[in-house]
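Below is one structure, written out as structure tokens; comments come after it.
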Amino acid sequence: MNCWKKILMLLFLGLLGPQNAWAVVDFTPDKNKTDIRYTSFMDYPPFGVYTIRDLGFGQSRNEYATIFHELIEDFFKNSSMRSEFVGNTDYSDLVRQVRAGDIDVIFGIYYGTKIYDGLDYVMPAIIDNPVTIIMLPERVGEVKQLADLQKLKGAKFSDDRFSDYVNGEFEKFKLQTESDPTQMFKKLYTREIDYILASYYLGVIKASDLGLRGKLSFSKQAIWNMPLFIGVSKASEYHDSLMRSLIVYIEKKENRDKFARELQEMVRKYEQKSMQTVPPVFTE
């Protein structure tokens, strides 16, 4: 990477604020190694956010931030493979490319979920991605068991991602869907809804960005748990060697523990940011 590219990358990292806990991917591959193409979530922080930044004067730059960055760097640094990130705004198309073998590896997939049919799962899971209930603290006593949610009005974020099993469970609750976090939390405060079901890390980010993390209650126990795995394309010409090497890497508890610590550090930084952010005032 030349000097100017390094400067631009450092500038972008500075702009990320707490997100520098989930680092930016370098798009420049190492030309001396075997091509291994990988992808991940495109619109699901902190697991992956892909943007095309307008630089003005007809110029733009592709940027990708992911909590998987350090894990990916660590896995590939001592291998004979070079890692090449593939991203675009159509996540479903990227998954199809993995299935076809045009992309070799995908980081972060749910077990038993139709979109990932035909991929091989690297066992064990990288991390557990729990589903949590977000409520106003003074209303937590209204929910003593999961069935109590069926008597209340709930919602979920439109950009949240769940396993097929969890989506099936959601059908019992007739949840509203909301794309705008400010509007979602306004509905919670004005009692248009009573609770939000969210994957924990996404929920922390959205609440923290608005300065609301310390003003909301997140359920202490996971309502459902969604293990996240690495997926390998069965059609990849490097399938066997990738499966062997990824299994060896992920089976080491210290590697999974390191990733879990990085996630917790990301949460801590967002919570710190939340304390320094003036929250909106919600009225009817």
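This one's a predicted model, so the numbers in the text were calculated from it and none came from an experiment. Along the sequence shown, the residues carry numbers beginning at 1.
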[X]: what forms a salt bridge (Lys or Arg N to Asp or Glu O under 4.0 Å) with it, not counting sequence neighbours?
X: D160; value: none
X: E271; value: R213
X: D240; value: none

Do M226 and V131 make a side-chain contact, defined as non-hydrogen atoms from C-beta onward lying under 4.5 Å apart? yes
Side chain proximity check, T113 to Y165, heavy atoms < 4.5 angstrom: no
Side-chain ion pair, [X] and [Y], N-O less than 4.0 Å:
X: D43; Y: R161; value: yes
X: E192; Y: K153; value: no
X: K258; Y: E262; value: yes

Between the main-chain N or O of [Y] and the side-chain N or O of [X], is there a donor-acceptor pair closer than 3.5 Å?
X: D120; Y: K234; value: no
X: R61; Y: I52; value: no
X: S60; Y: D54; value: no
X: S199; Y: Y201; value: no
X: R256; Y: E251; value: yes
X: K144; Y: G141; value: yes
X: D164; Y: K114; value: yes

Can you hop from V232 to V248 via hydrophobic side chains spaced under 4.5 Å? no
Tell me every residue that passes ring-ring contact (aromatic ring centres under 6.0 Å, His included) with [X], counting only those two or more places apart in sequence or in another chain.
X: F107; value: Y38
X: Y195; value: none
X: Y116; value: none
X: F229; value: Y121

Pairwise salt bridge (charged side-chain N to carboxylate O under 4.0 Å, His left out) hits with a residue in residues 88-97, at least two apart: D93-R96
All pairs passing salt bridge (charged side-chain N to carboxylate O under 4.0 Å, His left out) where residues 121-139 contributes a residue, at least two apart: R139-E142, R139-D194
What distance do [X] atom [atom1] and [Y] atom [atom2] have between them, rounded to the nearest 0.5 Å?
X: M135; Y: I196; atom1: CE; atom2: CD1; answer: 10.0 Å
X: E178; Y: F185; atom1: CD; atom2: CZ; answer: 10.5 Å
X: I205; Y: K273; atom1: CD1; atom2: NZ; answer: 9.0 Å
X: L212; Y: S274; atom1: CG; atom2: OG; answer: 6.5 Å
X: L94; Y: S40; atom1: CG; atom2: OG; answer: 9.5 Å
X: I109; Y: Y111; atom1: CD1; atom2: OH; answer: 10.5 Å

Under the side chain to side chain contact (heavy atoms under 4.5 Å, CB included) rule, collect the residues that match up with S241, sequence neighbours excluded. M81, Y238, R244
Going by the rule side chain to side chain contact (heavy atoms under 4.5 Å, CB included), which residues pair with K151 if we only count those two or more places apart in sequence or in a different chain? D148
Relative to the ring of F41, is the ring of Y44 parallel (under 30°), tilted (30 to 60°) or perpendicular (over 60°)? perpendicular
In terms of relative ring orientation, are F47 and F68 parallel, tilted or perpendicular, with 30° and 60° separating the classes? tilted
Side chain to side chain contact (heavy atoms under 4.5 Å, CB included) between F85 and I103: does it pass, once the steps are laid out? CA-CA 9 Å; F85 170 72; I103 298 173; over 6 Å; no
Taking atom types as modelled, is there a side-chain donor on S219 or T132 under 3.5 Å from an acceptor on the other? yes
Side chains of D74 and Y249 only: does a donor on one sit below 3.5 Å from an acceptor on the other? yes
Full working for ring-ring contact (aromatic ring centres under 6.0 Å, His included) between F170 and F162: CA-CA 10 Å; F170 280 177; F162 303 98; 4.7 Å; yes
Could you please spell out the steps behind the side chain to side chain contact (heavy atoms under 4.5 Å, CB included) verdict for L210 and T182? CA-CA 8 Å; L210 290 171; T182 302; 3.6 Å; yes
Kindly check if the number of other-residue, nucleotide or ligand heavy atoms within 6.0 Å of CD (Q150) is above 12? yes
Among pairs that include at least one residue of residues 98-107, which meet side-chain hydrogen bond (donor to acceptor under 3.5 Å, both in side chains), considering only residues two or more places apart or in two chains? D104-S236
